[in-house]
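One-based numbering, in listed order, for ligands and for the atoms of each. Please read these numbers as outputs of a predicted model, since none were measured by experiment.
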Amino acid sequence: MTAEEARTRIDHLSSELERHNRLYYVEATPVISDREYDALHRELADLEAKWPELASQNSPTKRVGGAPLDGFSQITHALRMMSLDNTYSEGEVAEFYQRMVKLTGSEKIDTRIEPKVDGVAVSICYENGALKYAATRGDGTVGDDITENVRTIRKLPLTLPTDAPRLLEVRGEIFMPNEAFRKMNDEREAAGEQRFANPRNATAGTLKQLDPKVTAKRPLDIIFHGLGQVEGEEVTSVDAFQALLGRLRLRKADRIWRADSLQGIVTAIRELDALRRSLPYETDGAVVKVNSVAVQQAVGATSKAPRWAMAYKYEPERAETLLKAITVQVGRTGVLTPVAELEPVFLSGSTVSRATLHNEEEIQRKDIRVGDTVMIEKAGEIIPAVIEVVLARRPADSQAFNFMEHIGHQCPSCRAPVTKEEGFVAWRCANFACPARAATQLRHFCARKMLDVEGVGDIVADKLGERGMVRTPLDLFDLTADDLAPLNLGTDEDPRVFGPKNAAKVVAACQRSRAMPLNRWLFAIGIPDVGESAARELSRLHRTFAEVADSPILSELAQLKKGKGKETSEVLAPYQIAQEVGQVAAQSVLDFFNGPGGQAMLEKLRSLSIDPQSDNYAPLPATAATGGGSSAPFSGTTWVITGTLSEPRPVFEELIRARGGKTSGSVSARTSYLLAGEEAGSKLDKATQFGVKVLSEVEFRAMLDAAPTVETPAAPPLSESKEQLNLF
Ligand code: IVH
């Protein structure tokens with residue numbers, strides 16, 4: 001293939017992939033299968049690897065997120081990003097309208113009213129139809145360059161139709177749709193990760209991510225609402241701007257009201273309030289704007305906000321209700337969470353009868369007592385929370401709530417002692433086999449990302465725990481279809497049995513899970529500090545549970561924490577252990593397997609003849625032949641190394657040469673890759689100029705993992721590597 005042919009093919013594949021992206025993500029009418037899409041994507045990625053100088057920054061392959069950043073650089077907004085004057089009162093909307101009347105001398109002001117999306121403001125700039133940058137508002141003058149994160153938003157076009165203005169800076173809100181937010185949070189919980197408080201926080205956190213690969217996995221979306229800088233098109237009104245968005249297929253407000261009187265504006269604001277909860281994202285107000293750009297310019301702006309627009313904010317929905325009792329839930333790791341049991345009350349479209357109280361401190365801080373009338377708040381999808389106590393309605397005989405007394409100094413489920421670790425706010429049940437813990441552990445164990453035991457959802461897990469049929473997740477393997485079929489998922493008065501069909505499904509799923517690889521098992525058993533990635537890393541370093549439990553690698557790692565080992569361990573260096581398995585996780589794993597719970601689990605696995613095996617075992621990546629790997633990615637490539645890396649440059653040069661690559665001192669069009677450490681300077685600029693692929697050390701190491709040396713010794717059997725370690 002000639003360079004010219006490659007360019008033609010790359011252009012074609014890029015525009016096809018972007019078209020399919022749009023059909024799939026925006027229009028929800030895909031015309032090719034995932035497999036066909038993947039094939040196009042792979043072909044493009046391969047071509048770009050072969051012809052790095054032809055790979056565009058706006059290639060669809062960049063949507064998966066590139067190298068992690070060291071920090072965000074700054075972008076100065078061509079036009080200031082202002083905020084809006086806010087009000088909660090219709091009276092102030094009237095004042096706004098009167099001001100417009102006075103300033104324009106006209107009784108009728110042509111306005112538009114649109115939903116105020118509760119997201120994170122962003123400015124996005126396209127030049128010659130291609131995405132140039134994306135920036136946060138920052139202080140209004142200078143914002144963070146979040147281009148790499150924004151590029152991963154599949155619903156945002158990276159290129160615009162050919163009739164786009166030469167330069168177009170549009171402003172909008174990035175948000176997470178409610179449904180996707182809920183799903184993501186459920187998955188996080190199943191994976192032992194912290195839930196986000198609400199879609200806005202999740203969005204803000206996601207955009208601040210330095211690793212765009214993380215951002216790429218989060219369900220972000222965007223709606224545009226304002227114009228920044230534009231060249232090559234006259235935009236004379238809000239209507240014209242909306243038409244432009246439509247033409248360029250940039251997402252706009254779901255609905256816009258027109259009004260040319262105060263009464264019309266107020267009606268629109270109320271209509272929007274009635275309708276906004278059926279929108280798939282959070283809104284916190286209505287934005288009223290003067291339609292004509294000429295009038296906008298005539299009335300101008302104050303130092304902070306334009307005079308031609310105003311935000312009417314809806315009060316977050318609150319309700320008063322009686323706090324009947326405080327119950328305590330036991331989580332998977334034994335954390336005790338107080339829950340408010342409320343007199344049911346209708347709020348934001350649903351009946352609320354429980355609200356989280358977070359922890360003991362929170363109750364103390366707000367002085368929440370049983371029998372109090374409390375104010376609860378729920379904004380859209382957020383879990384209802386107790387905002388404050390209505391003190392005026394506190395019963396005379398009310399008593400301060402004492403958490404420890406309330407639970408009688410013991411776990412409410414199993415009566416075991418409770419403990420609080422230093423520096424933590426939460427009390428925990430100390431009993432590894434607590435039935436309430438068992439239910440939450442079982443849920444985790446059976447979740448899709450863990451052992452995928454279909455049929456064991458929340459209710460089934462709770463009942464199995466409650467009935468004492470499962471004390472630890474492995475007890476599930478002792479249950480037959482006959483044991484499971486009669487399980488009552490309802491109440492005594494209103495029974496609902498699990499049934500033989502479902503029971504058989506669970507037993508079959510358990511059988512399948514026996515063959516799941518070690519990393520899934522390690523994740524499933526719920527060791528504190530061991531998430532999905534840490535589990536995978538542990539299974540790269542060990543072949544079986546027995547090896548993990550008695551791991552010299554982990555002891556060495558844990559030693560570092562106690563200050564006995566050296567700051568960085570030479571012994572551990574060849575293992576290139578990912579940061580997910582740090583000192584804390586290593587200690588936690590060892591504690592678990594040395595404790596009674598872990599020992600009992602190993603014993604139980606033996607008796608069930610379950611012995612999960614690693615499917616990614618490759619402890620010494622630099623020298624290990626992983627079987628599937630090949631040195632191909634390096635052979636014939638030319639590398640330049642720059643910036644500060646974790647080891648001296650010759651170490652990296654050797655790693656590259658051993659795999660058939662060459663190294664060079666300066667960047668040219670012939671350079672295949674730039675390995676860039678921290679504070680990379682002019683070489684990085686030059687590489688960008690030549691379109692040379694830039695790799696961070698992390699990415700480089702990932703590439704190494706897949707590419708053993710040209711002549712490689714096989715990975716030493718563990719007994720050997722153990723001996724190696726024991727020498728120290
Ligand atoms: S127009 C000069 N329209 O709310 C600012 N803003 O609190 C003109 N927002 O900065 C903004 N939805 O980030 C406008 N439909 C909408 C909006 C909207 C959300 C955000 C925007 C603005 C902030 C003010």
Side-chain angles (χ1 to χ4, degrees), residues 77-88 92-93 96 100 111-125 134-144 146 150 169-178 198-201 203-204 207 220-230 235 237-246 250-259 265 268-269 271-273 275-276 279-293 295-316 379-380:
H77 300 297
L79 299 172
R80 256 183 56 130
M81 276 183 91
M82 302 227 244
S83 60
L84 283 179
D85 284 334
N86 278 334
T87 181
Y88 286 94
E92 284 186 25
V93 177
F96 162 76
M100 290 305 112
T111 60
R112 299 292 174 268
I113 298 95
E114 48 186 84
K116 184 168 181 322
V117 181
D118 194 11
V120 175
V122 65
S123 150
I124 295 190
C125 184
T136 60
R137 182 199 338 247
D139 63 4
T141 305
V142 178
D144 284 341
I146 53 166
V150 167
E169 184 219 333
V170 267
R171 287 150 183 204
E173 298 290 301
I174 297 185
F175 62 94
M176 250 182 224
N178 294 335
N198 58 52
R200 216 204 81 85
N201 281 3
T203 304
L207 291 174
L220 297 178
D221 202 340
I222 185 164
I223 285 184
F224 291 100
H225 52 58
L227 185 61
Q229 217 189 356
V230 59
V235 181
S237 62
V238 171
D239 290 347
F241 174 64
Q242 293 296 324
L244 176 66
L245 290 178
L250 294 168
R251 183 166 176 188
K252 48 188 184 159
D254 283 294
R255 186 158 164 202
I256 295 186
W257 284 257
R258 305 162 157 249
I265 294 175
I269 287 176
E271 275 182 28
L272 172 56
D273 193 20
L275 174 147
R276 68 195 180 97
L279 294 172
Y281 44 83
E282 302 269 308
T283 53
D284 60 346
V287 180
V288 184
K289 303 174 180 177
V290 169
N291 183 39
S292 154
V293 169
V295 177
Q296 288 179 5
Q297 280 166 352
V299 300
T302 65
S303 63
K304 289 205 316 272
R307 285 201 192 87
W308 48 265
M310 146 151 259
Y312 175 88
K313 300 248 278 185
Y314 300 110
E315 291 283 358

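By the 4.0 Å heavy-atom criterion, M81 is excluded from the residues contacting ligand 1.
Annotation for ligand 1: atoms under 4.0 Å from non-hydrogen atoms of L84 are 5 (C), 8 (C), 24 (C). Atom numbering of ligand 1 starts at 1 in the shown order; those under 4.0 Å from a heavy atom of K289 are 1 (S), 3 (N), 14 (C). The ligand atoms of ligand 1 that sit less than 4.0 angstrom from a heavy atom of P306 are 2 (C). Listed by number with element, the atoms of ligand 1 under 4.0 Å from a non-hydrogen atom of M82 are 2 (C), 5 (C), 10 (O). Residue contact check: P115 has heavy atoms under 4.0 Å from atoms 12 (N), 15 (N), 16 (C) of ligand 1. Near R137, the atoms of ligand 1 lying under 4.0 angstrom from a non-hydrogen atom of the residue are 10 (O), 13 (O). Within ligand 1, the atoms closer than 4.0 Å to a non-hydrogen atom of A121 are 13 (O), numbered from 1 in the order shown.
Every residue meeting the salt bridge (charged side-chain N to carboxylate O under 4.0 Å, His left out) condition with K313, not counting sequence neighbours, appears here in chain and number order: D284. Listed by chain and number, the residues in a salt bridge (charged side-chain N to carboxylate O under 4.0 Å, His left out) with R112 are D110, D239 (sequence neighbours excluded).
The shortest N or O to N or O distance between E114 and ligand 1 is under 3.5 Å.
Using a 3.5 Å distance cut-off with no hydrogens or angles, the side chains of Y281 and D254 do pair a donor with an acceptor.
Which of E173, R80, H225 comes nearest to atom 16 (C) of ligand 1 through a heavy atom is settled by distance: it is H225.
Of all the heavy atoms in L84 and A309, the pair that sits closest is CD2-CB, 3.7 Å. For the pair W308 and V299, the tightest heavy-atom approach, listed with the atom from each and the gap, is CB-CG2, 3.6 Å. In terms of heavy atoms, E169 sits closest to S123 at OE2-OG, 2.8 Å. Considering every non-hydrogen atom in both V93 and M310, the closest pair reads CA-SD, 4.4 Å.
Neither the backbone nor the side chain of A253 comes within 4.0 Å of ligand 1, counting heavy atoms alone.
The closest protein non-hydrogen atom to atom 23 (C) of ligand 1 is K116 NZ, 3.9 Å. Given atom 12 (N) of ligand 1, the protein heavy atom at minimum distance is V117 N, 3.1 Å.
Looking at R255, its side chain never comes within 3.5 Å of a backbone N or O of P115 through a donor-acceptor pair.
Tested against W257 for a side-chain contact (heavy atoms from CB on, under 4.5 Å), the candidates L272, I269, T111, V288 yield a single pass: L272.
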